[in-house]
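Reading through the structure tokens given below for one structure.
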Amino acid sequence: MERGKGYNKNEIERILTDLNMTGFQKKVLMYVYEIPKGETRTYKQVAEAIGHGGAYRAVGTVLKNNPLAPIIPCHRVIKSNGELGNYSGDGGTARKESLLRKEGAIK
DNA sequence: ACCGTATCAACTA
DNA sequence: TAGTTGATACGGT
């Protein structure tokens, strides 16, 4: 059941608040945190899901600043074109592709 | 296929 | 307060 993170949605919200994150930042991070394994979401879809439809650019800005990189599966967020986009984590976009392929989210 | 423009939020000076 | 940046999207040429 537990993947080893040991964090709950409530904990994430508490941490984000403690980091002085704005509502937009928290919405994006929490939504991405709830993306199920094997599923991928586009930046635009995430933006619309949190109520900021056209803020797909801002979504990328948030993930780039992503203070919870090891706990939030930011690698599940891709471009609307089906491309992976970019990734500021260790290994860069190559790592992102590897993770998504491993989960079966992509071919 | 390539380039330019549109749009939104956060960061820095 | 204003200017710049950025892990994008879409349309026109």
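The figures that follow rest on heavy atoms only: side chains count, while hydrogens, waters and symmetry mates do not. To find a chain, count down the sequence lines: A is the first, B the second, and so on, and within it residues start at 1.
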Fill in the blank from the handout: For DNA chain B, consecutive-pair runs of 3 or more (Watson-Crick or G-U wobble, both H-bond-type distances under 3.5 Å) give B:1-6 with C:8-13, B:8-13 with C:1-6
Practice task
Decide yes or no for Met21(A) and Leu29(A): does some side-chain heavy atom of the first lie under 4.5 Å from some side-chain heavy atom of the second?
Solution key: yes
Practice task
Mind checking Thr22(A) for me? I need base, sugar-phosphate or nothing, with any heavy atom below 4.0 Å counting as a touch.
Solution key: sugar-phosphate
Practice task
Would you mind classifying the nucleic acid contact of Gly54(A) as base, sugar-phosphate or nothing, using non-hydrogen atoms under 4.0 angstrom?
Solution key: sugar-phosphate
Handout entry: Distance in angstrom units between Met21(A) CE and dC11(B) P, rounded
Key = 8 Å
Practice task
Looking at every strand, decide which applies to Tyr43(A) at a 4.0 Å heavy-atom threshold: base, sugar-phosphate, or nothing.
Solution key: base
Handout entry: Rounded interatomic separation in angstrom, taking CG from Asn81(A) and C1' from dC10(C)
Key = 11 Å
Practice task
For Ala58(A), report the nucleic acid contact type (base, sugar-phosphate, nothing); a contact means any heavy atom under 4.0 Å.
Solution key: base
Exercise for the section: Name the nucleic acid region contacted by Ser80(A), choosing base, sugar-phosphate or nothing; use a 4.0 angstrom heavy-atom cut-off, strictly under. Expected result: sugar-phosphate
Practice task
With the side chain counted from C-beta on, respond yes when Thr42(A) and Lys79(A) share a heavy-atom pair under 4.5 Å apart, and no when they do not.
Solution key: no
Practice task
Would you indicate whether the side-chain heavy atoms of His75(A) and Glu97(A) approach each other to under 4.5 Å?
Solution key: no
Handout entry: Donor/acceptor link under 3.5 angstrom from Tyr56(A) side chain onto base of dA9(C)
Key = no
Handout entry: Side chain to side chain, Ile35(A) and Val77(A), heavy atoms closer than 4.5 Å
Key = yes
Problem - Gap between atoms CD and P, on Glu48(A) and dA9(C) respectively (whole Å) - result: 11 Å
Handout entry: Non-hydrogen side-chain atoms of Arg76(A) and Leu100(A) separated by less than 4.5 Å
Key = yes
Handout entry: Sidechain-backbone polar pair: Lys44(A) side chain, Ser80(A) backbone, donor-acceptor under 3.5 Å
Key = no
Practice task
Identify, residue by residue, the members of residues 59-76 of chain A with a heavy atom below 4.0 Å from DNA chain C, and return them in order of residue number, or none.
Solution key: Gly60(A), Thr61(A), Leu63(A), Lys64(A), Cys74(A)
Handout entry: Beyond-backbone contact of Thr61(A) with Asn65(A), side-chain heavy atoms, under 4.5 angstrom
Key = yes
Exercise for the section: May I ask you to test the Tyr56(A)-Val46(A) pair for a side-chain heavy-atom distance under 4.5 Å? Expected result: no
